[in-house]
Amino acid sequence: MDTQNPNVPAHAHTRVAGKKHPNRRHPHSGLVHDNTRHTTRFTVIGNHLAQHPELSLLAIGLSVHIQSLPAGARIDIKSLAARFPEGTTRIAAALRELETHGYLRRTRERVPDGRIITRTTSCNRPGHSGRDAPRPTPRKRTRQPGGKPLPAVPRPAYPAPALLQQATDLLTGLRREDTRLLLSGCDTAHLAPGVAAWLERDVSPAAVRHALTADLPPEPLHRPAPLLAHRLTAQLPPPPPFAPPQAPPPPTRHPLQTCDGCDRAFRSPTPGHCRDCRDSRAAAALPARTPRSPAQSPSSTGPAGTPEVISAVSGVARSRGENRSGPS
């Protein structure tokens, strides 16, 4: 029994704690980190994920990859299978693991065009939402709530001032139809060209007013202008059909009549006298001129008229006087 077993320690070892641990004294016997501080292109990963006791290695690596992607990247099963050598079955199982432990959330949402899509949200720390973090004090608003730009409206081909004024008056009067349709000056100026485009297409103001005010939702309208802009654009009627210009009506030709006075033929809707006979009869019907009294005679007040007329009348009178007296 004098042979010794060198593999058996001579005495029991006590627990080594703190800095006296063998791996502390001999760092080359275990893992050694050669770390360099990242300043760009890095992702912070928590040990709760990297050392998760229940997640598979594929799920941990897939979660690290997903957290390193920018917002909006595609992480569906087909896209991930095209990126990594693992098949769709293993990737789908890893995604389900991450969803079970809260590292992924999948919700179905309806987008504005009506389609339903699946929205995937990556959580770098399950149970702690970024929405719960304290937010900085919001700055004072410089714009009024709901100050989004209004949708575009149709434009008339010929925006005449009178047409735009008629459209403005129509929009201003909508509040009489429904008190919720009270528009501001900026909203009225934006919507007026759209109403003018309707009026330009031979749509009556009453029809435009009915299209804007019919079947309004029962709830309060906080911003009626976007609703009116949508109706002006979505329900815009087509242009009126082209109508060729109408030719002027032909002149009316009356039948021939025989004049009752001179038997001349003339055109008239009814029998009677021709134009010459009517003029003669009208002249004969005028009252005769009364002779002037001596006080009203021009000779009593002297010759009147232009100098040429006065000189001619004086010459005629002088020649008559010489003829009466004879030669001297």
Side-chain angles (χ1 to χ4, degrees), residues 7 9 12-139 141 145-149 151 219 222 226:
N7 295 328
H13 294 286
T14 60
R15 291 179 60 88
V16 180
K19 297 182 179 180
K20 295 183 180 181
H21 194 277
N23 290 341
R24 298 289 184 179
R25 294 196 304 266
H26 306 284
H28 297 286
S29 61
L31 175 65
V32 178
H33 292 281
D34 184 8
N35 294 334
T36 302
R37 184 179 180 82
H38 292 284
T39 57
T40 58
R41 298 180 59 82
F42 65 92
T43 303
V44 178
I45 302 297
N47 286 338
H48 55 83
L49 171 63
Q51 301 178 7
H52 201 283
E54 299 180 11
L55 287 177
S56 64
L57 184 61
L58 177 59
I60 294 175
L62 190 58
S63 179
V64 172
H65 172 72
I66 291 174
Q67 293 186 27
S68 67
L69 295 176
R74 298 182 62 87
I75 57 170
D76 56 284
I77 297 176
K78 291 184 178 180
S79 300
L80 294 174
R83 169 66 176 80
F84 298 102
E86 287 77 9
T88 57
T89 303
R90 297 185 61 190
I91 290 179
L95 291 176
R96 286 193 296 270
E97 288 185 56
L98 296 176
E99 189 174 3
T100 301
H101 291 86
Y103 288 94
L104 283 183
R105 291 199 308 268
R106 298 180 183 180
T107 56
R108 298 176 66 84
E109 298 180 3
R110 183 182 297 274
V111 293
D113 60 359
R115 295 182 298 108
I116 297 177
I117 63 173
T118 300
R119 184 80 64 187
T120 304
T121 304
S122 173
C123 304
N124 65 345
R125 190 177 180 186
H128 297 77
S129 176
R131 300 175 183 177
D132 301 334
R135 298 182 180 180
T137 304
R139 294 178 295 178
R141 284 180 175 266
K148 298 180 181 179
E219 58 268 11
H222 300 288

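Only heavy atoms go into these numbers, but all of them, side chains included; no hydrogens, no water, no symmetry mates.
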* Show your working on salt bridge (charged side-chain N to carboxylate O under 4.0 Å, His left out) between R74 and D76 and close with a plain yes or no. => CA-CA 6 Å; R74 298 182 62 87; D76 56 284; 3.6 Å; yes
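- Counting only heavy atoms from C-beta outward, the side chains of L49 and Q67 approach each other to under 4.5 Å.
- When all heavy atoms of R108 and T118 are compared, the closest pair comes out as NH1-OG1, 3.7 Å.
- The nearest pair of heavy atoms linking L98 to A59 is CD2-O, 3.5 Å.
- Using a 4.5 Å cut-off on side-chain heavy atoms (C-beta onward), N124 and V44 make no contact.
- Atom CZ of R106 sits in a crowded spot, with more than 12 heavy atoms from other residues, nucleotides or ligands closer than 6.0 Å.
- Here the OG1-CD1 distance, from T121 to I66, works out to 11.5 Å after rounding to the nearest 0.5 Å.
- Listed here is the closest heavy atom pair of R125 and H48: CA-CE1, 3.9 Å.
- In I117, the CD1 atom is crowded: over 12 heavy atoms of neighbouring residues, nucleotides or ligands sit closer than 6.0 Å.
- Atom CG of D34 has 12 or fewer neighbouring heavy atoms from other residues, nucleotides or ligands inside a 6.0 Å radius.
- Summarising the geometry, atom OG1 belonging to T100 is positioned 10.5 Å from atom CG belonging to L95; distances are rounded to the nearest 0.5 Å.
- Side chains of T43 and V64 form no contact here, defined as non-hydrogen atoms less than 4.5 Å apart.
- You'll find the side chain of S63 stays beyond 4.5 Å of the side chain of E97, heavy atoms only.
- Considering only heavy atoms from C-beta on, S122 comes within 4.5 Å of L104 through its side chain.
- Two residues are said to be in side-chain contact when any heavy atoms from C-beta on lie closer than 4.5 Å; Y103 and L55 meet this criterion.
- Taking the side chain as every heavy atom from C-beta outward, C123 and R105 approach each other to under 4.5 Å.
- In this structure, the separation between OG1 on T88 and CG on L80 is 11.0 Å, given to the nearest 0.5 Å.
- With rounding to the nearest 0.5 angstrom, the CG atom of L62 is 10.5 Å from the CZ atom of R83.
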